Amino acid sequence: MKLKLFYKSTRGNDEKLTSAQAIIKGIAEDGGLFVPDSFRKIGIDFDKLKNLSYKELALLIMKMLLPDFTEEELKLCIENAYDEKFDTDRIAPTVKKSGVFFLELYHGPTLAFKDMALSMLPYLLKTALKKTNNDKDVVILTATSGDTGKAALEGFADVEKTKIVVFYPKKGVSIVQERQMVTQKGSNTFVVGINGNFDDAQNGVKNIFGDKIFNEELGKINYILSSANSINIGRLIPQVVYYFYSYLDLYRSGEIEKGEKINVAVPTGNFGNILAAFYAKKMGLPINKFICASNKNNVLTDFIKTGVYDRRRDFYMTESPSMDILISSNLERLLYELSGGNGNKVNSLMTELKNNGFYEIDQDMKNGLMDFYGGFTDDAETKKCIKSVYEESKYVMDTHTAVACKVFLEYKEKTGDATKTIVVSTASPFKFTRSINDALKFTDDAKDDFHLVEAFSRYYNKPIPKGIKDLDKKEIIHATICNKEQMKDMIQKFLKKE
Ligand SMILES: *Cc1c(COP(=O)(O)O)cnc(C)c1O
């Protein structure tokens with residue numbers, strides 16, 4: 001008696017898709033994002049769940065959100081995603097340092113949390129294509145603020161019937177991040193730097209999705225577009241799993257009682273990671289507060305305080321570059337939930353954002369925001385936090401994690417809320433050694449970033465992770481740069497090369 005779950009657009013058209021169809025399409029006809037039309041509670045005693053491995057838990061939860069996939073299909077996807085690419089078979093371990101619980105999501109091949117979903121998405125997509133008898137090749141279009149690009153390239157490289165195109169802001173990613181991407185092998189990969197910021201890249205990609213003529217042309221040469229960004233629901237679903245897993249970790253180790261509520265503090269950019277926590281709550285995870293942490297690009301902090309989303313502000317490049325975003329795509333999915341599934345309302349808010357650069361939600365929706373707390377911090381405070389946590393517990397956070405940690409500590413001080421809190425750790429410190437060196441001063445010789453990685457490895461007494469080892473010695477394969485107006489031409493050129 002399987003209750004069927006379908007996916008529909010946040011913007012109110014009547015499309016009702018299976019999860020396989022939604023994953024292939026990436027984005028809805030009306031420009032909206034696909035969302036589940038209902039959520040089921042997990043309904044299993046946590047005493048039973050607590051002994052499941054990460055993969056077993058993933059199967060259980062993903063089955064609920066992807067009901068049209070068979071158990072066999074899902075098992076295969078999970079086995080392929082979470083294999084020895086990850087440096088621990090706990091996949092997403094939670095560690096306690098300085099009295100804070102860090103959920104470490106960076107044990108995958110590219111050292112950032114994007115691996116949690118992007119090591120899975122190619123398998124979900126491949127399965128979905130087979131299930132729906134789709135004979136076209138898929139072109140995965142991706143805009144990246146630094147980490148998604150590499151994780152997507154790594155996941156899709158040489159996957160048959162797919163091609164992957166990544167656009168990154170030429171001046172908006174770290175040197176290590178850029179080098180990870182431009183050295184990517186695989187005959188189906190294509191990486192382009194654009195003269196612009198992440199929002200430009202993301203807007204460009206969204207416009208290409210919405211360009212009917214362009215999509216028809218691609219169809220004629222047997223291609224369809226899909227997305228590896230968190231606008232694709234296939235990105236969000238695997239992310240729901242680790243919130244349950246972390247909670248069960250705390251329960252198993254006696255840190256919390258059964259049913260005890262926890263808070264989660266999430267370093268937020270495109271609102272995908274924190275939204276997965278929100279979905280986890282809808283499926284029965286006892287979460288009290290969602291602490292949404294931003295850097296100086298604090299559009300979400302203001303939104304959570306006032307209910308006004310206003311992107312008419314300066315864009316800053318910070319030392320947590322994966323969060324340098326002013327248009328958080330997945331907030332649209334939260335708006336959908338806050339409005340009680342009112343697609344027309346979401347549609348008009350999104351139209352206002354597009355036309356005027358801002359919108360304000362009504363009182364009912366504002367009430368729904370009560371479970372959220374928004375805070376932000378700047379680079380100097382972020383680095384201070386890295387230093388103080390290191391001094392206290394010899395644990396090094398990357399800059400994104402530190403933003404969340406700092407905002408959490410401030411929240412705790414301000415509110416006195418003693419609820420146990422999971423701080424989501426989204427990247428390895430090895431990815432951001434320049435900022436870490438500013439904070440910890442582990443070497444005087446900071447001339448190049450690759451040297452810094454080596455010096456940090458000695459200082460922290462941990463080997464350089466495989467994902468960035470010898471990065472400076474790898475051949476640069478992708479050196480294309482374009483203006484944001486040329487993105488479509490670039491894709492065409494790449495596809496015609498064959
Ligand atoms: C992508 C990213 C984030 C932001 O996650 P969203 O799901 O976009 O909110 C935070 N930290 C790191 C290291 C990231 O790569």
Side-chain angles (χ1 to χ4, degrees), residues 33 102-118 121 142-152 154 166 168-169 172-174 176-178 180-181 198-199 201-202 227-240 242-243 264-280 290-295 297-301 303-304 318-334 372 374 376-377 382 386 397-407 423-432 435-436 467-468:
L33 307 183
F102 291 97
L103 165 55
E104 294 182 347
L105 300 179
Y106 57 75
H107 290 274
T110 74
L111 315 183
F113 96 95
K114 306 296 196 290
D115 287 325
M116 297 304 298
L118 281 166
L121 187 63
T142 306
T144 183
S145 58
D147 291 324
T148 295
K150 179 60 182 181
E154 204 47 43
V166 170
Y168 72 95
V173 301
S174 83
V176 168
Q177 286 176 321
E178 178 172 42
Q180 279 186 306
M181 291 189 277
F198 171 72
D199 288 317
Q202 174 156 271
S227 169
N229 282 105
S230 50
I231 54 178
N232 193 321
I233 192 71
R235 268 282 300 277
L236 291 177
I237 289 167
Q239 295 181 186
V240 174
Y242 49 71
Y243 288 103
V264 294
V266 187
T268 297
N270 228 350
F271 211 77
N273 205 355
I274 196 167
L275 185 80
F278 186 79
Y279 283 179
F290 301 90
I291 299 169
C292 175
S294 302
N295 61 28
N297 296 295
N298 59 357
V299 59
L300 287 167
T301 312
F303 173 69
I304 290 166
T318 74
E319 295 185 46
S320 42
S322 301
M323 296 153 68
D324 290 347
I325 294 175
L326 290 181
I327 306 168
S328 285
S329 292
N330 282 294
L331 190 63
E332 179 168 347
R333 288 188 165 111
L334 180 70
F372 285 80
F376 76 102
T377 189
T382 302
I386 291 174
M397 301 180 284
D398 95 291
T399 46
H400 304 77
T401 308
V403 166
C405 188
K406 171 73 190 166
V407 168
V423 170
V424 179
S425 177
T426 48
S428 158
F430 275 96
K431 264 192 131 162
F432 302 95
S435 307
I436 307 257
I468 52 169

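For clarity, every value in this text was computed on a predicted model and none was experimentally measured. Remember, it's 1-based here, ligands and their atoms both numbered in the order they're listed.
Phe113 places none of its side-chain heavy atoms less than 4.5 Å from the side chain of Glu104. For the pair Phe290 and Val266, the minimum side-chain heavy-atom distance is 4.5 Å or more. Put simply, the side chain of Thr148 does not reach to within 4.5 Å of the side chain of Tyr168, judged on heavy atoms.
Heavy atoms only, all atoms of each residue included: Ala402 and Ile386 are closest at CB-CG1, 3.5 Å.
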Exercise for the section: Carefully, step by step, assess Asp324 and Asn297 under the rule side-chain hydrogen bond (donor to acceptor under 3.5 Å, both in side chains). Expected result: CA-CA 6 Å; Asp324 290 347; Asn297 296 295; 3.1 Å; yes
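Near ligand 1, residues Phe113, Lys114, Asp147, Pro267, Thr268, Gly269, Asn270, Phe271, Gly272, Asn273, Ser322, Met323, His400, Thr426, Ala427 come within 4.0 angstrom through at least one heavy atom.
In this structure, the separation between CZ on Phe278 and CG on Leu236 is 13.0 Å, given to the nearest 0.5 Å.
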